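Only one structure is covered here, and it is reproduced in the block below.
Whatever order the structure lists them in is the order used to number ligands and atoms, beginning at 1. Treat the numbers as computed from the prediction; the structure is a model and nothing was measured.
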Amino acid sequence: VNDWTEVGSLNESWNGREVLIRGRAQTIRAVGKKMAFVVVREKGFTVQCVVTSQPESVSLQMVKFVASLSRESIVDVFGLVSVPTVPIKGASQQVEVQVKKLYCISRAISTLPINIEDAARSEIEIEKALQAGEQLVRVNQDTRLNYRVLDVRTPANQGIFRIQCQVSTIFRQFLLFEGFVEIHTPKLIAGSSEGGSSVFKLDYKGQPACLAQSPQLHKQMSICGDFGRVFEIGPVFRAEDSFTHRHLCEFTGLDVEMEIKKHYSEVMDVVDRLFVKMFDYLNENCKKELEAVGRQYPFEPLKYLPKTLRLKFEEGIQMLKDANVEVDPLGDLNTEAERKLGQLVLEKYGTEFYILHRYPLAVRPFYTMPCHDSPLYSNSFDVFIRGEEIISGAQRVHVPDFLAERAQACGIDVNTISTYIDSFRYGAPPHGGFGVGLERVVMLFCGLNNIRKTSLFPRDPLRIAP
Ligand code: 4AD
């Protein structure tokens, strides 16, 4: 055997064949001096390996060596696949490997801060185990994040980050297919791109500067640079003060900007096609990953329509009013109102994914285009999954003097964004776009309760390491 076989691919069809696998020794159990069991894990899949000196498979010394391995050490195992007569508990694959050779490639320290099996249990399993009098330590979020390299080894976490990879891949492939150009904009910029206080300020060789709160200004400038349709996948920095389940200080932004021919609905059309395709793909092609997530964090599959529902902000307000929720018709929706509207939309239209558009102008960033028929509203939208925002988008103001006026009215120092505003003085097409938070999409698609679960090394107001 020259090739390594993946643990996840081992099944009954391998019966009687020799394999070479590499993985981590998840559990090691010695039975007397002549036999030991090692559960080997690779990419979330596990297989039981049997080391026995009877009949003459391996030496007694070998059994002793295997029994002394520490958990999470990396091992190469060479052996014969067999199908046991009784079902295997504690391993995902229903075959065993009768070990002929086993090498330890990297030894883990013997006292691990997290027990992976404990970290992989669902709340229900933990409750049951505790009731049965089992000794187990509930692994809290801070411990998980402090020892993230161990925590991400659980099947659910492996699933989450593989799904995340698919989301950004589908985003990229879909947009390339639709004629968008991938761009990379600077993250060190002179002025705030979104306004407000959530800006990380820094000293740029003696000049005041900040970390980009979004690629907003430069993606629009790229449209002035004749690319027609652009997108970017990159880091976004927000100096958030509040510690919430859905805000990070650094997240991955999936950004889109495009020329508009007639109406900002063209931008919503892209959102619709992109996300329906994405959800279909994830459901079809990430079944194992979704199951792994659901086993630890049970959730219902997302309900969405083949053509995404579009609701006007005013209609949303009316639905909330009809349900006796107090809302300001020209203000922003708070988290509670967004959730409530999500419920009402689900009841009425049967979807947990929808677009809410024509927001009041006063609650949108300075670069947002007002509605042509009412200056109180804007050509803008938010998109929701399970009652929480994952996208905001809009048509932008492409008339430079009006843009400067809007920036000033929103309290932005126009001098810090003068190169941006000037970009529109050389001829600028009508355009619009949207920004998606990658971690939020994955969190909400998988029905998870905290964005830290979908950020590999989260940055929040209290955490900058590991
Ligand atoms: O709503 P935001 O701030 O909009 C923009 O950045 C605009 N430039 C987008 C545009 O093209 N008009 O952010 C866009 C998305 C949000 O919908 C949310 O999913 C995510 O980014 N997001 C955050 N994710 C994690 N932590 C935070 N602090 C986030 N702030 C926004």
Side-chain angles (χ1 to χ4, degrees), residues 164 167-168 171 175 180 183 185 187 189 192-200 211-223 229-258 260 264 267-268 270-271 274-275 332-333 335 338 353-357 359 361 363-369 378-397 410 412 417 420 431-445 448 450-456 458-461 463:
Q164 189 185 81
V167 170
S168 53
F171 179 82
L175 292 168
F180 285 76
I183 57 167
T185 62
K187 304 305 156 204
I189 59 176
S192 130
S193 54
E194 297 295 328
S197 59
S198 63
V199 191
F200 282 108
L211 288 177
Q213 289 164 300
S214 74
Q216 185 62 40
L217 310 187
H218 293 88
K219 68 177 178 174
Q220 286 188 254
M221 287 158 81
S222 304
I223 294 299
R229 323 180 103 192
V230 298
F231 75 94
E232 177 166 6
I233 301 177
V236 172
F237 303 94
R238 304 279 169 101
E240 298 289 349
D241 284 333
S242 50
F243 194 85
T244 77
H245 77 283
R246 61 177 184 167
H247 288 96
L248 294 169
C249 291
E250 179 177 346
F251 64 93
T252 303
L254 308 176
D255 267 85
V256 168
E257 202 66 25
M258 56 189 266
I260 292 174
Y264 71 102
V267 183
M268 297 192 284
V270 172
V271 170
L274 166 58
F275 278 84
D332 211 351
L333 298 179
T335 311
E338 285 178 351
F353 177 71
Y354 74 100
I355 302 175
L356 190 64
H357 68 114
Y359 266 72
L361 183 65
V363 302
R364 305 302 284 198
F366 72 94
Y367 48 74
T368 310
M369 183 67 100
S378 62
N379 291 353
S380 66
F381 60 90
D382 275 1
V383 182
F384 296 88
I385 295 186
R386 303 188 204 265
E388 296 199 54
E389 179 204 320
I390 57 151
I391 300 178
S392 75
Q395 180 179 355
R396 330 296 188 182
V397 175
C410 291
I412 290 172
I417 54 166
Y420 160 73
H431 63 283
F434 58 92
V436 188
L438 174 63
E439 293 82 358
R440 285 227 191 142
V441 173
V442 180
M443 168 177 90
L444 293 161
F445 184 75
L448 296 167
N450 197 302
I451 198 164
R452 289 159 189 79
K453 288 194 171 81
T454 59
S455 172
L456 195 51
R459 296 288 176 255
D460 67 31
R463 180 176 290 280

What I want to check is whether the side chains of [X] and [Y] have a donor and an acceptor closer together than 3.5 Å.
X    : Y    : answer
S193 : Q216 : no
S192 : Q213 : yes
K187 : T185 : yes

N/O pairs closer than 3.5 Å, ligand 1 and protein:
residue  : atom   : partner : partner atom : Å
ligand 1 : 1 (O)  : E389    : OE2          : 3.3
ligand 1 : 1 (O)  : S392    : OG           : 2.8
ligand 1 : 3 (O)  : R238    : NH1          : 2.8
ligand 1 : 3 (O)  : R238    : NH2          : 3.0
ligand 1 : 4 (O)  : S392    : OG           : 2.9
ligand 1 : 6 (O)  : E194    : OE2          : 3.4
ligand 1 : 6 (O)  : R238    : NH2          : 2.9
ligand 1 : 8 (N)  : E194    : OE2          : 2.6
ligand 1 : 8 (N)  : Q216    : OE1          : 2.6
ligand 1 : 8 (N)  : Y367    : OH           : 3.2
ligand 1 : 11 (O) : Q216    : OE1          : 3.2
ligand 1 : 11 (O) : K219    : NZ           : 2.8
ligand 1 : 11 (O) : R396    : NH2          : 2.8
ligand 1 : 11 (O) : G435    : N            : 3.3
ligand 1 : 12 (N) : S392    : O            : 3.4
ligand 1 : 12 (N) : R396    : NH1          : 2.9
ligand 1 : 12 (N) : R396    : NH2          : 3.4
ligand 1 : 17 (O) : E389    : OE2          : 2.5
ligand 1 : 17 (O) : I390    : O            : 3.3
ligand 1 : 17 (O) : I391    : N            : 3.2
ligand 1 : 19 (O) : I390    : O            : 2.8
ligand 1 : 19 (O) : G437    : N            : 3.2
ligand 1 : 26 (N) : L248    : N            : 2.8
ligand 1 : 28 (N) : E240    : OE2          : 2.9
ligand 1 : 28 (N) : L248    : N            : 3.4
ligand 1 : 28 (N) : L248    : O            : 2.9
ligand 1 : 30 (N) : R238    : NH1          : 3.4

Lys/Arg N to Asp/Glu carboxylate O, K219 vs E232, below 4.0 Å: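 E232 and K219: not salt-bridged.
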Check the orientation of Y354 and F384. Use parallel for under 30°, tilted for 30 to 60°, and perpendicular for over 60°. parallel
Can you confirm whether R238 sits close enough to S214 that some side-chain heavy atom of one is under 4.5 Å from a side-chain heavy atom of the other? yes
